[in-house]
2 protein chains.
Amino acid sequence: MDRPRKPTLDTVAGAVGVSRATVSNAYNRPDQLSAALRERIMETAASLGYPGPDPVARSLATRHSAAVGFMLGQGLSASFADAALSIVLDGLASTVDGHDHCLVLIPGRDKGGPRPETVARAQADVVVAYSLPDDAPALAAVRARGLPMVVIDQPVLPDTARVEVDDFGGARLAASSLWDLGHRRFGVVTFALHPDGHNGPVTPERLTSTPFRVTWDRLQGYLDVAGADTPTWECARSSRELGRAGARALMSAEPRPTALLCASDELAFGALQAVRDLGLRVPADVSVIGFDDVPAAEHADPPLTTVRQPLAEKGRHAGELALRLLNGGRPGEPTRLAVSLVSRDSTAPPE
Amino acid sequence: MDRPRKPTLDTVAGAVGVSRATVSNAYNRPDQLSAALRERIMETAASLGYPGPDPVARSLATRHSAAVGFMLGQGLSASFADAALSIVLDGLASTVDGHDHCLVLIPGRDKGGPRPETVARAQADVVVAYSLPDDAPALAAVRARGLPMVVIDQPVLPDTARVEVDDFGGARLAASSLWDLGHRRFGVVTFALHPDGHNGPVTPERLTSTPFRVTWDRLQGYLDVAGADTPTWECARSSRELGRAGARALMSAEPRPTALLCASDELAFGALQAVRDLGLRVPADVSVIGFDDVPAAEHADPPLTTVRQPLAEKGRHAGELALRLLNGGRPGEPTRLAVSLVSRDSTAPPE
DNA sequence: GAGTGTGGCTGAAGCGCTTCAGACCGTCCA
DNA sequence: TGGACGGTCTGAAGCGCTTCAGCCACACTC
């Protein structure tokens, strides 16, 4: 039983009686041959069950692969489980949609980003890096391959397109709004300053040595208004549970804070819960503010006052930059997106 | 200025003074050469800035690409925006994580799935199809390429691995629980029966001709208990907004239903809102039941009674099947996962 | 000393496609 | 009539890698 080999360009060319180049042209440059011939080629291809030029071989010959890569800080699964990341990806995806490019998710390990070997195998024409530490080995791997790169938020690298957000300004804005309402005793709940799984009060050393710009900026924005000595609790991840624990810890101070500044909405949701746990009310007893404005913020109980960072816009813009680089464009100046305060019902004057 | 070409295997081979095959072996089969030589090769490679074998060329030669493809019904962005889909992908991703495979998201158009051309360009060793209509052209494209495929939920195809869920049983279970509570007047809110953007009451023709098995099964499960003549509203997408509109329409009947059976949690969230809009209470005035048990169901107001389908498990299992096919395994028998009813506070006896 | 391994390395044949410099031919213009 | 030209199609040189059959030298075994 001689199993028929999968048809290739040559098979088709042979069957039609033309050169391989012509068949290739039939697929890629219809203007290079007569319509009639092209028609004949396509028909033969169909009858032979030829699925069109093999993507890998085509990529090898053309040196591009119609795919944009996305390097994750964490495992693949974070892309779908982390609300803020999902929205960024959604934005990116919506830009890339319509260009018939696939999106290749490159899994990372912990907060350190992808292994260089993984990057080395990923097939993409351009890669987007999101919130990786400056020293991530994956970055070097991308450069070594000579792929263009666009960076979101972090890290700051020469010769890459970049889009970032005014985290400091946003945090400052949030804290100021609380200050203006009359709050003077604050607590801050932040996510990781270091990729070491630490949960607990933030020490000055941990703060100043953080490799995560976003964390640093948000914290500085909060502390700039609230005061550098504001009790601050670090959570290893941006999760509701850890936020709840952190807020609980902060609320045990005497006198307890009247406002909780959270580095993310997810942490803020936990804080909301912690306040309820104590039998207190938001915002009557304690104000809570978040950061990101994920969709759930609007449906929280009470609806969460938060800093809206244009997550989708960030992704969309990164997508545009990626597409531009794909077409040989230059990185250009970094884009900085504005943030705004979304006032809902989790903040009010103290007492 | 003669810009140095990017180094290749040959460059390294030349520099070390060995054959190209040996350098290749240094990367892929360390046991084929002496440790000392391998060492020397790696050092030279590093000093030359050689990033390792080019993934595309390697894929061409080996015919595999260390990537699993995922065909979406909709645009890329649905992967991140649709809660249930996200969880499935999360499950899939968590299986694939640790195998150093990338996940290639293949964008679809509307409910029809990816364009065949897009599939033809995607570089993956195996592709997972999720909830595509039976006649999606993308499926043919995958087969034409001879790629192994695993199908989630739909469609039913010969010679593919498959994982599915007992949608009928789940829906029946949900409806029965309401029946047992004493409900006799139902309304059903479903998502699309046809990929034509229709919103409105379901006609028997639309129902019987649907190409979406999942929709069909859930509906049949509901109607089996509630009665075939139960008022049923079709929403073009599974969105909160459309669910709200649909529920509002159903609630305008006289006498109005005492229980709303929704084909998804997202629709149920809309229904909850619709009931509130009318100044009525859930579950005192109207019971609402969902399907999927997405995380938000637990935090809905009130917490939503719903059918839990093991979304993550579905994804995880699909991932395992994909990995098995990747290693040359046979598809095997379809796996059917069980569902269960999660009783929360959105259901109660009528009145 | 002939036979048998065996670890270490190489030559060359692909993998399936794109692309570029022509070849060929009929047209058109002067 | 001749030359320039545009439209079609082809030959052949890659793209960068893997892999398999072997070759060689050396160590063993009987």
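Note on naming: letters A, B, ... go to the chains in the order of the sequence lines (proteins, then strands), and numbering restarts at 1 for each one.
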Next on the checklist: Let me spell it out: for each of A:Leu33 and B:Asp54, pick the nucleotide of DNA chain D with the closest heavy atom. Which residue's pick is nearer the 5' end?
Outcome noted: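 Here A:Leu33 is the residue nearer the 5' end.
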
Have a look at [X] and say if it touches a base, only the backbone sugar-phosphate, or nothing, with a 4.0 Å heavy-atom cut-off.
X: B:Val56; answer: nothing
X: B:Thr62; answer: sugar-phosphate
X: A:Tyr27; answer: nothing

Could you work out which one of [options] sits closest to the side chain of [X]?
X: A:Asn28; options: C:dT18, D:dT18, C:dT10; result: C:dT18
X: B:Arg63; options: D:dT19, C:dT19, C:dG16; result: C:dG16
X: B:Ala61; options: D:dT8, D:dT19, C:dC15; result: C:dC15
X: A:Ala21; options: C:dC15, D:dC9, D:dG11; result: D:dG11
X: B:Thr8; options: C:dG11, D:dG11, D:dG16; result: D:dG16
X: A:Ser34; options: D:dC9, C:dT19, D:dT18; result: D:dC9
X: B:Leu37; options: D:dC9, C:dC9, C:dG14; result: C:dC9
X: A:Thr22; options: D:dC17, D:dT10, C:dC15; result: D:dT10
X: B:Gln32; options: C:dC9, D:dC17, D:dA12; result: C:dC9
X: B:Asn25; options: C:dT18, D:dC17, C:dT10; result: C:dT10

Item to check | Polar side chain donor-acceptor pair, B:Ser19 to B:Thr22, under 3.5 angstrom | outcome: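 Per modelled atom types, B:Ser19 and B:Thr22 side chains form a pair under 3.5 Å.
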
Item to check | Nearest-0.5 Å distance that lies between atom CG in B:Leu92 and atom OH in B:Tyr130 | outcome: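 The distance works out to 11.0 Å.
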
In this structure, how many angstroms lie between the [atom2] atom of [N] and the [atom1] atom of [X], rounded?
X: B:Arg58; N: D:dC15; atom1: CZ; atom2: C1'; answer: 16 Å
X: B:Glu39; N: C:dG8; atom1: CD; atom2: P; answer: 15 Å
X: B:Arg40; N: C:dG8; atom1: CZ; atom2: C1'; answer: 13 Å
X: A:Leu9; N: D:dC15; atom1: CG; atom2: C1'; answer: 15 Å
X: B:Arg38; N: C:dG7; atom1: CZ; atom2: P; answer: 18 Å
X: B:Asp31; N: C:dC9; atom1: CG; atom2: P; answer: 12 Å
X: B:His64; N: D:dT18; atom1: NE2; atom2: P; answer: 10 Å
X: A:Leu60; N: D:dG14; atom1: CG; atom2: P; answer: 14 Å

Next on the checklist: Pick the closest DNA chain C nucleotide for A:Arg29 and for B:Ser19 by heavy atoms, then say which residue is nearer the 5' end.
Outcome noted: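 The 5'-side residue here is B:Ser19.
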
Checklist entry - For B:Leu33, does its backbone N or O pair with a side-chain atom of B:Arg38 as donor and acceptor, under 3.5 Å? => result no

Next on the checklist: Within the 4.5 Å heavy-atom criterion, are A:Val142 and A:Met71 side-chain neighbours or not?
Outcome noted: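 Side chain of A:Val142 against side chain of A:Met71, heavy atoms only: contact under 4.5 Å found.
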
Next on the checklist: Any carboxylate oxygen within less than 4.0 angstrom of a Lys/Arg side-chain nitrogen, looking at A:Asp153 and A:Lys314?
Outcome noted: yes

Item to check | Worked check of salt bridge (Lys or Arg N to Asp or Glu O under 4.0 Å) between B:Arg40 and B:Glu43 | outcome: CA-CA 5 Å; B:Arg40 226 171 83 227; B:Glu43 275 167 11; over 6 Å; no

